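Step one of this worksheet: look at the structure below.
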Amino acid sequence: MDIPKDHPRYKSLMTRERLAHMVEEGLVTPTGLISHGRGEAYDYLMGEKSIAPALEAEKAAAAYLLRAKNPVVCVNGNAAALDPENLIALAKAVPAKMEVNLFHRTPERMEGLISYLESKGAENVLGRIPECRIPGLNHDRALCTKEGIYDCDVIVVPIEDGDRAEALVAMGKIVISIDLNPLSRTSCKATVPISDEMTRALENIISFILELRGDDDAIIKVINEYDSLNNRRETVKCICDSLMSGFETGDD
């Protein structure tokens, strides 16, 4: 589709085209398009920018990742389609392992996504041969590697299923979610729920990693001062303020 770059929705339309193409390639499922549309609606409500609570959560995410002993960046189909470059950049910045984990899992789709990430510069992506299961899950998202998800202490889960986020927290892991909906089960259960568009969130976390690296006192201070419940409350308040502002000014 030939979309002019001066179109006011250029980035959004290009993202949709890329996701649709990835569906044709078999890397994203059709239901993933529904998930993306639902998230994009919340981005509208936040003014399509990283609001203050998101930045606070992204800084906390960076602090937890820098303190981790075995951090993992988890990738599903939508995440890989939306921004493989920044997922890989985050993994390298920490550094952290990468593992593909899918709800609609087939050997072909797993291989396709891992090969796709590796073609973009990722190294040693985990997930091809799962040896373990996440306790409490009765679907394929339970399948994981011992080296990666099963033994990790901190895990980044962009565009997550709520039941797996809950199961990972129950295993004692620090779960950093990227989910635009602050009221989703993922956001409610995650240790550090980030309500932001994925590319912005990844870029912000990487920037905070560079800012905090080597400053242990600052890292501990960020972690101690972070409050996930209050952060989600502030996110909802920002959404309400944005809605009222748009209503009063007639912005679309």
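Predicted, not measured: the structure shown is a model, and the values here were computed from it. Position 1 is the first residue of the sequence; numbering continues from there.
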Using a 3.5 Å distance criterion without hydrogens, assess whether the side chain of [X] forms a donor-acceptor pair with backbone atoms of [Y].
X      : Y      : answer
Thr235 : Asn231 : yes
Asp215 : Ala218 : yes
Ser207 : Glu203 : yes
Glu99  : Cys74  : no
Ser119 : Tyr116 : yes
Ser50  : Leu55  : no
Asn101 : Leu143 : yes
Asp153 : Ala68  : no
Arg213 : Ala93  : yes
Ser115 : Gly112 : no

*Does the side chain of Glu147 come within less than 4.5 Å of Lys97's, by heavy atoms?*
yes
*Ile176 versus Val157: any side-chain heavy-atom pair under 4.5 Å?*
no
Taking [X] first and then [Y], would you say they form a salt bridge - that is, a charged N and a carboxylate O separated by under 4.0 Å?
X      : Y      : result
Glu111 : Arg105 : no
Asp83  : Lys120 : no
Lys59  : Glu211 : yes
Lys221 : Asp217 : no

*In this structure, which one of Arg141, Arg185, Lys173 forms a salt bridge (Lys or Arg N to Asp or Glu O under 4.0 Å) with Glu166?*
Arg185
*Give me the one residue out of Val156, Thr186, Thr191 that meets side chain to side chain contact (heavy atoms under 4.5 Å, CB included) with Val175.*
Thr191
Check [X] against [Y] and note the closest heavy-atom contact, atom names and distance.
X      : Y      : answer
Ala61  : Ile194 : CB-CD1, 3.9 Å
Pro193 : Tyr226 : CD-OH, 3.2 Å
Ile134 : Ala167 : CG2-CB, 3.7 Å
Ser187 : Asn181 : OG-O, 2.7 Å

*Roughly how far apart are Thr106 OG1 and Met110 CE, rounded to 0.5 Å?*
9.0 Å
